[in-house]
There are 2 protein chains.
Amino acid sequence: MPRPLKGATVDSRDRVFRAAATEFAARGYAGANVDRIARAARLNKAMIYYHFKNKGALYREILRDMFGAVRTAVLEVEAAEVSPQEKIRRYVEAIAAAAEARPHFPPIWLREIAEGGEHVDAATLAYVRDVLTALGRIIDEGRRAGVFVAIHPLMVQGGIIAPIMFFLATARLRKKMERAGAVPSAAIPRDAVVTHIQRLTLAQLEGRIA
Amino acid sequence: MPRPLKGATVDSRDRVFRAAATEFAARGYAGANVDRIARAARLNKAMIYYHFKNKGALYREILRDMFGAVRTAVLEVEAAEVSPQEKIRRYVEAIAAAAEARPHFPPIWLREIAEGGEHVDAATLAYVRDVLTALGRIIDEGRRAGVFVAIHPLMVQGGIIAPIMFFLATARLRKKMERAGAVPSAAIPRDAVVTHIQRLTLAQLEGRIA
DNA sequence: GTCTATAAATAGATAGAC
DNA sequence: GTCTATCTATTTATAGAC
């Protein structure tokens with residue numbers, strides 16, 4: 001991908017990327033509209049095809065960015081010189097932080113799950129694998145230290161990432177429910193959720209839930 | 001809505017409904033294609049508009065069916081003459097069963113969360129409210145009996161429904177990961193997941209995770 | 001790098017015959 | 001209830017000027 005040399009419009013590619021992330025989050029892959037992306041990026045449609053091969057390539061680059069960020073954060077957590085329990089706490093926090101740094105992350109994640117990972121390319125798949133492998137090593141480390149029991153990493157991962165994405169993505173829906181009087185109070189602080197999931201995850205890994 | 005009197009094609013409305021559920025699950029609301037729905041239902045497009053006002057009305061009816069089924073099952077659980085703990089176990093099982101009875105349920109649920117409940121009408125919202133209210137009553141009952149601690153029903157609900165939908169919806173993606181060698185084994189039995197979530201939910205309600 | 005204009009295909013929705 | 005045909009708008013993508 002050629003990058004511009006002059007300073008005037010160096011960021012047009014980035015503007016497309018950001019606008020596309022918002023559009024894919026709001027309407028899904030098939031529902032996303034290239035014209036709307038161009039308008040939001042204050043560019044014309046042709047510029048999108050100048051920077052990206054097509055709609056699919058643009059979308060896949062967003063997926064790689066999302067899961068690449070999670071992978072980087074998780075590998076750093078695994079490498080830290082702390083107890084397995086502390087690694088799990090940081091693992092949960094790292095995933096929440098990566099998702100919060102990108103408002104489009106939770107919606108796109110939910111939609112991609114719904115599509116069975118149809119747009120997940122080899123690079124993204126490798127990132128996911130690395131994350132699961134790192135989690136598996138943290139669990140193994142805890143087992144060797146005698147503090148964790150054996151649980152399938154996917155089971156642990158599901159118990160972490162699904163509630164996190166749920167809470168981050170339902171912010172708008174919970175507001176709607178609260179306005180409609182469907183629930184007394186629907187506001188749950190971000191830290192309360194992360195702390196709760198940290199405790200829940202540790203409880204299951206330490207064999208305290210059976 | 002007029003229903004046909006002759007037996008020949010009594011089920012054309014139902015065929016549209018089923019085909020639409022599959023299409024919305026696979027491509028999302030905006031991405032769903034009325035022509036494809038018609039083809040899958042072995043009908044022409046005009047028949048869809050004969051039975052349903054438009055694409056949106058068709059989609060909303062599917063949402064009502066999904067959440068109505070959950071509501072019915074949950075209210076039945078709440079009314080049973082069993083302990084609060086057993087009600088929680090049945091609550092988890094009821095939600096899993098309602099989702100499994102409709103293959104389109106998990107994907108559409110995930111997508112609707114991602115869209116911030118944009119297509120959730122008053123009837124569906126009322127179903128969701130009833131479910132949360134019933135869960136709140138079960139929690140209160142447990143608190144009065146001295147077996148549960150105080151937790152926000154939404155926090156409990158998120159810990160139940162998010163992992164369930166995640167596991168049901170990721171079946172295809174986990175197969176893809178397994179084929180790609182991204183994870184040693186990605187097959188997790190349905191009952192193992194439900195049991196795990198039942199235990200996790202009870203552990204938090206019984207204050208055993210702090 | 002950025003634009004306008006447009007091609008070519010596909011979308012949701014309806015008219016009207018049977 | 002079911003169909004074919006079609007209207008109108010929208011969509012992805014590209015050509016070609018600057």
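Every chain is numbered from 1, with letters handed out A, B, ... down the list of sequences.
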Q: If we count only N and O atoms by modelled type, under 3.5 Å, do the side chains of E23(B) and Y59(B) hold a donor and an acceptor together?
A: no
Q: Using only atom types and a distance under 3.5 Å, with no angle test, would you say the side chain of D11(A) pairs donor to acceptor with the backbone of D14(A)?
A: no
Q: Return the value, rounded to whole Å, for the distance between atom NZ of K55(A) and atom P of dA13(D).
A: 7 Å
Q: Which pairs would a plain distance check flag for residues 94-111 of chain B, meaning a side-chain donor or acceptor within less than 3.5 Å of a matching protein atom at least two apart in sequence or in another chain?
A:
from	atom 1	to	atom 2	distance (Å)
E100(B)	OE1	R190(B)	NE	2.7
E100(B)	OE1	R190(B)	NH2	2.8
E100(B)	OE2	R190(B)	NE	3.0
R102(B)	NE	D65(B)	OD2	3.0
R102(B)	NH1	A98(B)	O	3.3
R111(B)	NE	A25(B)	O	3.0
R111(B)	NH1	E115(A)	OE2	3.2
R111(B)	NH2	E115(A)	OE2	3.3
R111(B)	NH2	A25(B)	O	3.2
R111(B)	NH2	A26(B)	O	2.8

Q: Salt bridge between E86(A) and R90(A), side-chain N to carboxylate O under 4.0 Å?
A: yes
Q: Does a salt bridge link E78(B) with K87(B), judged by any charged N lying under 4.0 Å from a carboxylate O?
A: no
Q: Return the value, rounded to whole Å, for the distance between atom CZ of F52(A) and atom P of dT12(D).
A: 16 Å
Q: For DNA chain C, what string of dots and brackets results from 5' to 3' when Watson-Crick and G-U pairs need both distances under 3.5 Å, crossing pairs get [ ], and pairs with another strand get |?
A: ||||||||||.|||||||
Q: Taking atom P of dA15(C) as reference, at what distance in whole Å does atom OH of Y50(B) sit?
A: 16 Å
Q: Taking distance alone, no hydrogens or angles, what donor-acceptor pairs closer than 3.5 Å link side-chain atoms of residues 124-131 of chain A to residues at least two apart or in another chain?
A:
from	atom 1	to	atom 2	distance (Å)
T124(A)	OG1	D121(A)	OD1	3.1
D130(A)	OD2	R71(A)	NH1	2.6

Q: Under the rule for side chain to side chain donor-acceptor pair (under 3.5 Å), what residues qualify as partners of R39(A), not counting sequence neighbours?
A: none
Q: Grab the NE2-P distance between H51(B) and dT14(C) for me, whole Å please.
A: 16 Å
Q: Between Y49(A) and dA13(D), does any side-chain N or O lie under 4.0 Å from OP1 or OP2?
A: yes
Q: Applying salt bridge (Lys or Arg N to Asp or Glu O under 4.0 Å) as the test, list every pair that has at least one member in residues 161-178 of chain B; sequence neighbours left out.
A: none
Q: Please list residues of residues 23-47 of chain A whose heavy atoms come under 4.0 Å from any atom in DNA chain D, ordered by number; otherwise none.
A: A32(A), N33(A), V34(A), D35(A), K45(A), A46(A)
